[in-house]
Every structure is written in structure tokens, then in C-alpha cells.
J.: 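The structure under discussion is supplied below as C-alpha cells; questions concerning it will follow.
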Amino acid sequence: MTTLKGKGVYGAIALGRVSVFSRKEASVKRTHIDDTEAEKARLAAAKEKATEQLQEIYNKALKEVGEANAQIFEIHMMMIEDEDYNDSINSIIETQSVNAEYAVAVTADNFAAMFAAMDDAYMQARSADVKDISNRIISCLSEENNESAASDEKAIICADDLAPSETVLLDKDKVLAFVTAFGSSNSHTAILARNMNIPAIIGVGEELLNSVRNGDFAAVDGYTGEIFLDPDEETKARLEKKRTADEEKKRLLQELKGKENVTLDGRKINIYANIGSVDNIGAVLANDAGGIGLFRSEFLYLESSDYPTEEQQFAAYKRVLESMSGKKVIIRTLDIGADKQVDYFNLAKEENPALGYRAIRICLTRPEIFKTQLRALYRASTYGNLGIMFPMITSVSEVQQALDLCDQVKTELKADGIEYSDKVEIGIMIETPAAAIISDRLAPMVNFFSVGTNDLTQYTLACDRQNAAIEQFVDTHHEAILRLIEMSAKNAHANGAWIGICGELAADTSLTESFLRMGIDELSVSPSFVLKVRDAVRRCDLSK
């Protein structure tokens, strides 16, 4: 048995035979051309044909992965008409008197290298998109079909990489999984795989291509990013068991998907999902969450070697809003500090960081960082249904300062002629006893509360959540915690605000009915718990 490791981009298990993906690579040779105008006319005809093909692919993607995820092919059609891209191709044809195929290939290499050299991971991934559209144009110029022949048997597709168009054109009914030697989790191919619910591993390396052959038996674990070639019986049994558990979850999904989160006596509640990255959106959609109740924006900072720029943040927020197609997305502003340290913030060492310089305290004392994030958030707000949430609130003045900065940012954007939505909801985390106790004063200032039960438990019980030695003293069902939540719910509703819970207790189904009786309007949980909580809600009868 040989075990190879990459990065799982969609968690699921597959066992079956390997099919090595092969494509017809158009052979590009440099040829001298006398009539450059005729060559440019050939190019125009090929671009028109390529655009027609992309329109067909877009229509297929629209049905399979939805409008937001099909938009990449609209972008590809726009890229074909990009002025800089076309100026480069036409200039090469004219100045060098060469064939269009060669001019397109050279331009593709240059533009792909330019994108790959950028610091932004999202822009780096666009390198593959340039290659994709260029290969399509070259294929149309040479009148070759660039797609691989279909197979009648289900298989694990192994390839060097897959372009977005190749991913969409795969027959989902015949694909057990796909594994690529290269690629990135930011690529549209990875995004499409997640939304098509295809088990997928990327970035295995060249060893993949040297190790697999058509017909080999393999097992794919999309959770761990491992592919097992010729797995032994123990490994097969272990993964079969894991796959059976997955299939049971899917059965539950099929039974509950599309059904309302409503109690037996008719009370409706929102069930949203918590995520830390745009890479998790596929899981949100697959588990039928009604929205995103907590997007942990600090992961943009934790995964970067320097402060993420406004453009980088805007791209991430825009993508998650677009992907959720109008469903509510609540993005928590920067929550760095305590157990989440970032070197380039140069935070001083603290004896008790949980009680120190963190979250909103950093944002209010480093307003240039906070305003960069707020600008990105408001710019992205026109692409979906956005809520902005401030963490670690303890006072009225903190909320007022944050709101003042929001107003400053909106004024600046308006002055710059940049659009933003005027329907953005503002909320705060209830994760300190102080916030819960003065929730009657905080509620009139905001649209919603979201209870962070992990920190609320820590601060209420004086139990450091990082200290395993005192775990026996941590009672998450402690009466004091539940009273603080109930108090916050009462004060929220009395002042026209709604209230949710986004901490771990939201997924504790032994408390679901208690939370509903308190008046909790929304529960936000890890995507894999959405259906479990929906099931618990639908079993509640609050009339008794």
C-alpha cells in the first residue's frame, strides 16, 4: 500500500478504480504569417467559438452549482474580451508576423506568470483561469476538442490539475472523487468541487502522476487529504466504516433538506452555520444551513504573513456573500488576542491574555486596522445580505465608538463614489457577563445579539478555557450562564433586536428546547450539526 498526502477540499470517502485524466494538448508551433489581418480574423472567430462553448458550460454549471458558482464562466467570457490580454495577442501577431496559436500561448504564459507572482492567493489562483481560456482558444483555432473522453464506469479521477471548465464537464454520476497533483484551495476548481459535493484532494505533488495508473484500486479520504493506492484490508475496512457513517448523514440530509426549522407547535427558528474560511461554504450549502451566523474573519489574519489588505479582505467577503445567494451572512470583525496570536501584530506578552488586549479593544485602539476591515465589509455589502458583528463588548461606549467608525467609513466611501448597502445589520457578541447584564442598554444600539457561549462560560465561571486542569469545574449548563442568556434574550426582544447563539452550546441538543423557551431566534453551529439541530427543533413542542 502506498499513501500519498495532499489537501482535502471536500470531506467525503471514495473507494474505486483510478482513471488518469488526459486531455488533448494542442500542439503550438511558431509559424510565420504574411497576412496578419487574416490571422487576427481567425483569432476573432476562435474567440467567438470559445465564448459559445463557455456559455454552454455556464448553463450546465448554473443547474449543478448555482448562479454564484457559475459566475466563473461569465468571468472567463469577460477575460476573453480583456483589453490588455487581447492587445498582447494582437501585438505579437502584428510585430512578429506569427500565427494566432503561438501569440495566444505566449500571452497565456506571460499573464499566468504575472498572476502566479502576486502575493494575493486569490489572484495567484487566477493563473489557472488564464491558462484555461487560452487553451480553449488555441483548441478552437486548431479545431480540436479539448475535453477528455467519457468513461462508462465510476472512477477516481487523477490529474495534474483540472481547469474549472473540465471540473464542471465531469459527469458527476461517473466520478467517485478527484485527486490532483497541483492546484490550490482558492482555485475555482476547488470551489466548484465543494459545491458539487465531489470528494476532492489537491496538491498531492508530482509523485501522484508517477504512482497511479489506469485501473489501479485506490481509496480517497477527503477529510484527511490522503489517497491510498492498493489499500490493505484493514485500511479498506476502516474507510468503508467511515463511508457508511457519511452515507447515514446523507440519508438524514435527504430527509430533512428543504424542510423548515419549525417546532411541533409552529415556532420557527433560524439555523445558521459557523465557518472560518470561504473554503467552508460548500459544507454550509451541503448541510442546508439557512445562512452563516458566524464568519470568523480573524482567519484571514491568522493565515497571512502581514496585515491583509482591503482588496484581499474585500475579495473574501464578496465571495462568501455571493456564494450564499442572498442568505444572511454575519461576519465577526477581527477577534485577535488571547489564544489567537499573530506575530505581525506585535502584541505584548500578557499574564492573562483572555482578560487582556484582544478583539474590539485592539480594533478601537488601532483604528487604521479596523477601518480597513470595515471598508472591505461595506464595499462587499452590495453583493449579498450582510451582518457585521463586534466581539468582546463590555460597555456602551465601545459599541458607540465602533458605530462611529462605521459612520466614518460610510461617509468616506460615499465621498469616493463607492457603493455600499444601507441594509447592513449591526450586532454584538454577548460573551462577557458585563454585556449580558447591561443588555437592556446595548440592545437599542444594535439590530441583533449573538451569544458566544464559550467565552461567556469562561468569564462567568472564572475558568480558563485553555486550562485542562480545571475542566472538571466547567459546567456549561450552569444556572448562571443560562440566566445571563435568558436575560439577554428578554432585553433584545424588548428593544426590537433579535438574538442568536453561535457558541458551542448552540449545537447541544439537550438545551435546544430550553433556548427556544427563552426566546432565542437563531442557532448557529458547525455545518455538520445543522441537520442534527434541525431535527431537535422539529421535535420540540413549546405549547406544553
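One is the number of the first residue; the rest follow in order along the sequence. These numbers come from a predicted model, not from an experiment.
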J.: When rounded to the nearest 0.5 angstrom, what distance separates SG in Cys158 from CZ in Arg213?
T.: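 Rounded to the nearest 0.5 Å, the SG-CZ separation comes out at 11.0 Å.
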J.: I'd like to know if Lys131 pairs up with Asp109 as an ion pair, taking the criterion as any Lys NZ or Arg NE/NH1/NH2 lying under 4.0 Å from an Asp or Glu carboxylate oxygen.
T.: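 Salt bridge: yes.
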J.: In sequence, state the C-alpha distance, the side-chain angles, and the governing distance for Asn270 and Leu523, and then conclude on side chain to side chain contact (heavy atoms under 4.5 Å, CB included).
T.: CA-CA 6 Å; Asn270 289 319; Leu523 295 169; over 6 Å; no
J.: So, are Glu248 and Arg251 salt-bridged, with charged N and O less than 4.0 Å apart?
T.: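 Answer for the salt bridge query: yes.
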J.: Go through the side-chain N and O atoms of Asn99 and Lys29 and say whether any donor and acceptor fall under 3.5 Å apart.
T.: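 Absent: no donor and acceptor within the cut-off.
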J.: If you measure from the Lys or Arg side-chain nitrogens to the Asp or Glu carboxylate oxygens, is any gap between Glu298 and Arg332 under 4.0 Å?
T.: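 Between Arg332 and Glu298 there is a salt bridge, with a charged N closer than 4.0 Å to a carboxylate O.
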J.: Do Lys410 and Asp407 sit within salt-bridge range, that is, some charged N less than 4.0 Å from a carboxylate O?
T.: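 Salt bridge present between Lys410 and Asp407.
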J.: Are any side-chain N or O atoms of Ser526 and backbone N or O atoms of Ser528, one a donor and one an acceptor, separated by less than 3.5 Å?
T.: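 It does not hold such a pair.
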J.: So, does Ser127 use its side chain to make a donor-acceptor pair with the main chain of Ala112 at under 3.5 Å?
T.: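 At least one qualifying donor-acceptor pair exists.
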J.: Could you tell me whether the side chain of Gln313 and the main chain of Pro308 form a donor-acceptor pair under 3.5 Å?
T.: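 Flag set: sc Gln313 to bb Pro308 pair under 3.5 Å.
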J.: Look at the side chain of Thr309 and the backbone N and O of Gln312, then say whether any donor-acceptor pair between them is shorter than 3.5 Å.
T.: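 Such a contact is found between Thr309 side chain and Gln312 backbone.
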J.: Would Lys47 and Asn86 count as a side chain to side chain donor-acceptor pair (under 3.5 Å) here? Give the steps.
T.: CA-CA 10 Å; Lys47 284 166 49 185; Asn86 282 288; 2.8 Å; yes
J.: Counting neighbours of CD on Glu419 that are heavy atoms of other residues, nucleotides or ligands and sit closer than 6.0 Å, is the number greater than 12?
T.: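 Not buried by this count: 12 neighbours or fewer within 6.0 Å.
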J.: Could you tell me whether Phe345 and Tyr307 have their ring centroids closer than 6.0 angstrom?
T.: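 Yes: the rings meet the under 6.0 Å criterion.
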J.: Considering only NZ, NE, NH1 and NH2 on the basic side and carboxylate oxygens on the acidic side, decide whether Asp221 and Lys242 come within less than 4.0 Å.
T.: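 The answer is yes: the pair qualifies as a salt bridge.
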J.: Classify the ring geometry of Phe448 against Trp498: parallel below 30°, tilted from 30° to 60°, perpendicular beyond 60°.
T.: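 Ring orientation of Phe448 relative to Trp498: parallel.
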J.: Please determine whether the number of non-hydrogen atoms from other residues, nucleotides or ligands lying under 6.0 Å from atom CE of Met114 exceeds 12.
T.: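 More than 12 within 6.0 Å, yes.
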J.: Is Glu37 salt-bridged to Arg42, cutoff N-O under 4.0 Å?
T.: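 A salt bridge is absent here (no side-chain N lies under 4.0 Å from a carboxylate O).
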J.: Measure the shortest side-chain to side-chain distance between Phe217 and Val18 over non-hydrogen atoms and say whether it is less than 4.5 angstrom.
T.: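 Answer no - side chains too far apart.
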J.: Contact between Val320 and Ile281 at the side-chain level, heavy atoms closer than 4.5 Å - yes or no?
T.: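 With C-beta onward as the side chain, the pair touches.
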J.: Taking the side chain as every heavy atom from C-beta outward, state whether Ile388 and Phe390 have any atom pair closer than 4.5 Å.
T.: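 In short, these two side chains touch, coming nearer than 4.5 Å.
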J.: Enter the distance from Ile201:CD1 to Lys5:NZ here, rounded to the nearest 0.5 Å.
T.: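 NZ of Lys5 is found 8.0 Å from CD1 of Ile201.
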J.: If only side-chain N and O atoms count, and only distance matters, is there a donor-acceptor pair under 3.5 Å linking Tyr223 with Asp246?
T.: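 There is such a pair between these side chains.
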J.: With the threshold set at 4.0 Å, does a side-chain nitrogen-carboxylate oxygen contact exist between Glu94 and Lys40?
T.: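 A salt bridge is present here (some side-chain N lies under 4.0 Å from a carboxylate O).
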J.: How far apart are the C-alpha atoms of Val130 and Met79, what are their side-chain angles, what is the distance that settles it, and do they pass the side chain to side chain contact (heavy atoms under 4.5 Å, CB included) test?
T.: CA-CA 8 Å; Val130 173; Met79 288 173 74; 3.6 Å; yes
J.: When you check the side-chain N and O atoms of Ser88 and Thr107, is any donor under 3.5 Å from an acceptor?
T.: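 There is such a pair (donor and acceptor under 3.5 Å, judged by atom type) between the side chains of Ser88 and Thr107.
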J.: Check this for me, if you would: do Glu311 and Arg379 make a salt bridge, where the nitrogen-to-carboxylate-oxygen distance has to be below 4.0 angstrom?
T.: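 Yes.
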J.: Flag the pair Lys327 / Ile292 as yes when at least one side-chain heavy-atom distance between them is below 4.5 Å, and no otherwise.
T.: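 Heavy-atom side-chain distance check fails, nothing below 4.5 Å.
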J.: May I have the step-by-step check of side chain to side chain contact (heavy atoms under 4.5 Å, CB included) for Leu377 and Arg375, ending in yes or no?
T.: CA-CA 5 Å; Leu377 285 165; Arg375 280 182 62 91; over 6 Å; no
J.: Measure the spacing between CG of Asn261 and CG of Leu256 and express it to the nearest 0.5 Å.
T.: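 If I round to the nearest 0.5 Å, the distance is 9.0 Å.
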J.: How about Gln55: does its CD atom have over 12 heavy atoms from other parts shown lying under 6.0 Å from it?
T.: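 Result for CD/Gln55: enclosed.
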J.: Side chains of Gln96 and Arg30: is there a donor and an acceptor less than 3.5 Å apart?
T.: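 Short answer, yes.
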J.: Is Asp288 salt-bridged to Arg534, going by a charged N under 4.0 Å from an acidic O?
T.: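 Looking at Arg534 together with Asp288, the answer is yes, because their closest N to O distance falls below 4.0 Å.
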J.: Could you tell me if Gln373 and Tyr378 have a donor-acceptor pair between their side chains, going purely by distance under 3.5 Å?
T.: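 Tyr378 vs Gln373: no donor-acceptor pair found between side chains.
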J.: Can you tell me how far OG of Ser19 sits from CD1 of Ile157, rounded to the nearest 0.5 angstrom?
T.: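 Reported to 0.5 Å precision, the distance equals 4.5 Å.
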J.: Between Ile138 and Val28, is there a side-chain heavy-atom distance shorter than 4.5 Å?
T.: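 The answer is yes, as the side chains (C-beta and beyond) meet within the 4.5 Å cut-off.
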J.: Evaluate whether atom CD of Glu206 has more than 12 neighbouring non-hydrogen atoms of other residues, nucleotides or ligands under 6.0 angstrom away.
T.: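 No - once you tally the heavy atoms of other residues, nucleotides and ligands closer than 6.0 Å, there are 12 at most.
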J.: So does Glu83 have more than 12 non-hydrogen atoms from other groups sitting under 6.0 Å from CD?
T.: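 Atom CD in Glu83 is not packed in, count stays at 12 or less.
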J.: Does Asn135 use its side chain to pair, donor to acceptor, with the backbone of Asp132 at less than 3.5 Å?
T.: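 No; zero donor-acceptor contacts below 3.5 Å.
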J.: Nearest 0.5 Å, what's the OG-CG distance between Ser91 and Asp84?
T.: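 The OG atom of Ser91 sits 12.0 Å away from the CG atom of Asp84.
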J.: Do the side chains of Leu531 and Asn287 get nearer than 4.5 Å, heavy atoms only?
T.: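 Result yes, sub-4.5 Å side-chain heavy-atom pair found.
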J.: Could you measure the distance from the CD1 atom of Ile331 to the OH atom of Tyr317? Nearest 0.5 Å is fine.
T.: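 Output value for this atom pair is 6.0 Å.
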J.: Write down the atom of Tyr272, the atom of Gly293, and the distance for their closest heavy-atom approach.
T.: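 The pair with the smallest heavy-atom distance is CB-N, 3.4 Å.
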J.: Grab the two heavy atoms, one from Ile137 and one from Ile80, that are nearest each other, plus how far apart they are.
T.: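 Closest pair (atom of Ile137, atom of Ile80, distance): CD1-CG1, 4.3 Å.
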J.: Less than 4.5 Å apart, side chain to side chain, heavy atoms only: is that true for Leu321 and Asn385?
T.: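 Not touching, per the 4.5 Å side-chain cut-off.
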J.: Between Arg296 and Ser277, does a side chain to side chain contact (heavy atoms under 4.5 Å, CB included) hold up when you go through it step by step?
T.: CA-CA 7 Å; Arg296 302 180 180 92; Ser277 166; over 6 Å; no
J.: Before giving the answer on salt bridge (Lys or Arg N to Asp or Glu O under 4.0 Å), spell out for Lys371 and Glu412 the whole-Å C-alpha distance, their side-chain angles and the decisive distance to 0.1 Å.
T.: CA-CA 10 Å; Lys371 287 180 69 175; Glu412 291 170 6; 2.8 Å; yes
J.: Taking atom types as modelled, find out whether Glu101 and Ser142 have a side-chain donor-acceptor pair closer than 3.5 angstrom.
T.: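 Not at all, the side chains of Glu101 and Ser142 share no donor-acceptor pair under 3.5 Å.
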J.: Any side-chain to backbone donor/acceptor pair from Lys60 onto Glu56? Under 3.5 Å, distance only.
T.: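 A pair under 3.5 Å: no.
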J.: When you check the side-chain N and O atoms of Ser524 and Asn274, is any donor under 3.5 Å from an acceptor?
T.: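 Ser524 vs Asn274: donor-acceptor pair found between side chains.
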